[in-house]
Amino acid sequence: MAREFQDGEFQTWEAFASTGEHGFTADAWIVFRCRTDPTRRPRYVVIDGDKPDAEARVIDLPLGELRSLLNEAQFLD
């Protein structure tokens, strides 16, 4: 399940849960993809737990915390 939100620069981002690179990671990821500017590189953060935990966080996190995660996220290769 994905969630769309705007950052502080009014760019629209999509956040969604993933199992990580090629599905081989102990922890789940939350991936951020810019919907306003598709040329921006996607980003991710690793979270404790599995994919259902990541999905719940994407849906349940307050907007400010979701924006904070985006700011902390690393670029995907």
Peer 1: Can you find a heavy atom in the side chain of Phe32 that is under 4.5 Å from one in the side chain of Phe5?
Peer 2: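 Heavy-atom side-chain distance check passes, below 4.5 Å.
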
Peer 1: Do Trp29 and Phe16 sit in one hydrophobic cluster, given that two such residues count as connected whenever their side-chain heavy atoms are within less than 4.5 Å of each other, even indirectly?
Peer 2: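 Linked, Trp29 and Phe16 end up in one cluster.
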
Peer 1: Can you give me the closest heavy-atom contact between Glu55 and Ala17, atom names plus distance?
Peer 2: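 Closest pair (atom of Glu55, atom of Ala17, distance): CG-CB, 3.4 Å.
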
Peer 1: Determine whether a donor-acceptor pair (N or O, by modelled atom type, separation under 3.5 Å) exists between the side chain of Thr12 and the backbone of Gln6.
Peer 2: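 No, because the side chain of Thr12 does not come within donor-acceptor range (under 3.5 Å) of the backbone of Gln6.
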
Peer 1: Do you know which two heavy atoms are closest between Val45 and Leu69, and how far apart they sit?
Peer 2: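 What the structure gives for the nearest pair is CG1-O, 3.5 Å.
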
Peer 1: Can you check whether Trp13 reaches Arg43 side chain to side chain, under 4.5 Å on heavy atoms?
Peer 2: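 Yes, close enough: below the 4.5 Å cut-off.
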
Peer 1: For the atom pair CD (Glu65) and CZ (Arg57), what is the distance rounded to the nearest 0.5 Å?
Peer 2: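 The CD atom of Glu65 sits 8.0 Å away from the CZ atom of Arg57.
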
Peer 1: Would you say Val58 and Met1 make side-chain contact, with heavy atoms under 4.5 Å?
Peer 2: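 Answer no - side chains too far apart.
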
Peer 1: Roughly how far apart are Leu61 CG and Ile30 CD1, rounded to 0.5 Å?
Peer 2: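 Rounded to the nearest 0.5 Å, the CG-CD1 separation comes to 6.0 Å.
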
Peer 1: Would you mind reporting whether Ile47 and Asp27 have side-chain heavy atoms less than 4.5 Å apart?
Peer 2: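 A side-chain contact is absent here, since even the closest heavy-atom pair is not under 4.5 Å.
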
Peer 1: With clusters defined by side-chain heavy atoms of hydrophobic residues (ILVMFWY) lying less than 4.5 Å apart, directly or transitively, does Leu76 cluster with Leu70?
Peer 2: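 As far as the 4.5 Å side-chain criterion goes, Leu76 and Leu70 are not connected within one cluster.
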
Peer 1: Which value, rounded to the nearest 0.5 Å, describes the distance between Glu9 atom CD and Asp37 atom CG?
Peer 2: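 CG of Asp37 is found 10.5 Å from CD of Glu9.
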
Peer 1: List the residues meeting side chain to side chain donor-acceptor pair (under 3.5 Å) with Arg33, not counting sequence neighbours, and say none if there are none.
Peer 2: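 Residues passing side chain to side chain donor-acceptor pair (under 3.5 Å) with Arg33: Glu14.
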
Peer 1: If only atom types and distance count, is the side chain of Arg40 paired as donor or acceptor with the main-chain N or O of Cys34 below 3.5 Å?
Peer 2: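 It does not hold such a pair.
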
Peer 1: Closest heavy-atom contact between Thr36 and Gln11?
Peer 2: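 Closest approach of Thr36 to Gln11: CB-OE1, 3.3 Å.
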
Peer 1: Check Ile59 against Arg3 and note the closest heavy-atom contact, atom names and distance.
Peer 2: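 Closest approach of Ile59 to Arg3, heavy atoms only: O-NH1, 3.5 Å.
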
Peer 1: Under the 3.5 angstrom rule, does the side chain of Asp53 hit a backbone N or O of Ala56 as a donor-acceptor pair?
Peer 2: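 Not at all, since once roles are kept as given, no pair shorter than 3.5 Å links the two residues.
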
